[in-house]
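A quick write-up on the structure given underneath.
Every chain is numbered from 1, with letters handed out A, B, ... down the list of sequences. Because the structure is a prediction, the values reported are computed rather than measured.
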Number of protein chains: 2
Amino acid sequence: MSNTTREKILSTARTQVQAHGYDGLNFRDLAATIGIRAPSLYHHFPSKAALGAAVARRYCEDVQAALDAISQEHDTPRACLLAYPGIFRKALDGDNRICLASFLSAQSDDVPEEVQTEIREFININVTWLAGKLSQLEPETIAMRRADAIYAAVAGAQLTARGLGGLPRYDGIIASYRAVGLLPA
Amino acid sequence: MSNTTREKILSTARTQVQAHGYDGLNFRDLAATIGIRAPSLYHHFPSKAALGAAVARRYCEDVQAALDAISQEHDTPRACLLAYPGIFRKALDGDNRICLASFLSAQSDDVPEEVQTEIREFININVTWLAGKLSQLEPETIAMRRADAIYAAVAGAQLTARGLGGLPRYDGIIASYRAVGLLPA
DNA sequence: ACCTGAACACCGTTCAAGT
DNA sequence: ACCTGAACACCGTTCAAGT
């Protein structure tokens, strides 16, 4: 059911975004890969912004799915929080190495509103999940703030490691977070 | 002594990068603002990548200066570490709101090597300064890892707050870091 | 040494024209 | 409904030509 032209555009665009970011999304190349011409894309997506937003929405669905998977695999909230950094680690590791950080990083003016909305959604999905786990361990008010802090710290670790040091550095930073008690050890 | 054409290009480019990021750096607009034509820029900088790297180098000099200022204003390493998040806060707050995070965020393939080199330098400047302060408080080996963690966490806080929530969220996340002991309180 | 207009190959997007 | 070639206004960059 995923063989429609629209679906092919989406998955190819995703690959292109992963490799070169939102700005690297190229309509002529994208169309050529699929076997159509650039103007044809506008029959499926009204603009590059809309296509970018659709790709970002995919990312949101993916994190949500990954978070749900963690929730099901692990019994205790503590075990879930232990597994959490693995999501960003995998994104840093594999071909999906961009996660949403590249979108995030693009500044407000560059990225169109539709895409920004999805970025916000991505943050909210993460923080909401974290707060849900944390609220089983500590008072609700603290849990909310702590969820924010954990997401920011892990996202920052991914960003820093991409800039310099790669996976080993990411692991080191996460270990430090655990040593200090920001994350359960 | 800063009134040379080259200097005007640099400062104008900086403003443009702050507002629209590396990709938003536009040679025709940039030239027009200064009062010359786009091809003339190539007489001062061999490429957009070189100009971008020069702007990034400015950012590095600025953090270094800001860190030195903190070192001089505060006596104890603890006081220095207390003041550290203020640098990223100011970058998030004022017109200089991009800091280096937008560069950082740009993925490896997008941004040319010369600019990436400066990004790495930016990280190193921060981590080195942090490690210097921390090593006066705890064993050297722990200090290095902790410096990595603090930089990543603060950068992540800035990134997250830019994406959603702004200054109040940044302050909340930093407060959480302090509450948990990642940063001195 | 520094600047320039014209041109190059790119880009997102539009549109009239095809099936 | 879906695709297309041609054209639009943009972009970084080059180059021959000016001072």
Legend entry - Strand DNA chain C in bracket notation, Watson-Crick/G-U under 3.5 Å with | for pairs to another chain: ||.|||||...|||||.||
Inset, instruction - Write out all pairs satisfying salt bridge (Lys or Arg N to Asp or Glu O under 4.0 Å) with one or both partners inside residues 120-141 of chain A, taking only residues at least two apart or from two chains. - result: E113(A)-R120(A), E138(A)-R146(A)
Legend entry - side chain to side chain donor-acceptor pair (under 3.5 Å) partners of Y170(A), counting only residues at least two apart: none
Inset, instruction - Let me have a per-nucleotide readout for nucleotides 12-19 of chain C, 5' to 3', with B, S or -, counting only protein heavy atoms under 4.0 Å. - result: BBBB----
Inset, instruction - Mind running side chain to side chain contact (heavy atoms under 4.5 Å, CB included) on L10(A) and F45(A) for me, showing each step along the way? - result: CA-CA 10 Å; L10(A) 250 177; F45(A) 297 92; 3.9 Å; yes
Inset, instruction - Using whole Å, report how far CG of L30(B) lies from C1' of dC10(D). - result: 16 Å
Legend entry - dT4(D) phosphate, OP1 or OP2, under 4.0 Å from S40(A) side-chain N/O: yes
Legend entry - R58(A): side chain to side chain donor-acceptor pair (under 3.5 Å) partners, not counting sequence neighbours: E7(A)
Inset, instruction - Give a yes/no answer on whether the side chain of H44(B) brings an N or O atom under 4.0 Å of OP1 or OP2 in dA1(C). - result: no
Inset, instruction - Would you indicate which nucleotide in dC3(C), dT4(C), dG5(D) comes nearest to any side-chain atom of R37(A)? - result: dG5(D)
Legend entry - With D171(A) via side chain to side chain donor-acceptor pair (under 3.5 Å) - residues at least two apart: R89(A)
Legend entry - Length of the line joining H43(A):NE2 and dC3(D):P, which is rounded to integer Å: 8 Å
Legend entry - Qualifying side-chain hydrogen bond (donor to acceptor under 3.5 Å, both in side chains) pairs with a residue from residues 32-44 of chain B, counting only residues at least two apart or across chains: none
Inset, instruction - Starting from P on dC3(D), measure out to CZ on R6(A) and report it in whole angstrom. - result: 13 Å
Inset, instruction - Identify, with sequence neighbours excluded, every residue that meets side chain to side chain donor-acceptor pair (under 3.5 Å) alongside R57(A). - result: E118(A)
Legend entry - Protein-nucleotide distance (I34(A), atom CD1; dC2(D), atom P), rounded to Å: 14 Å
Legend entry - Pair listing, side-chain hydrogen bond (donor to acceptor under 3.5 Å, both in side chains) test, anchored in residues 76-85 of chain B, at least two apart: Y84(B)-N126(B)
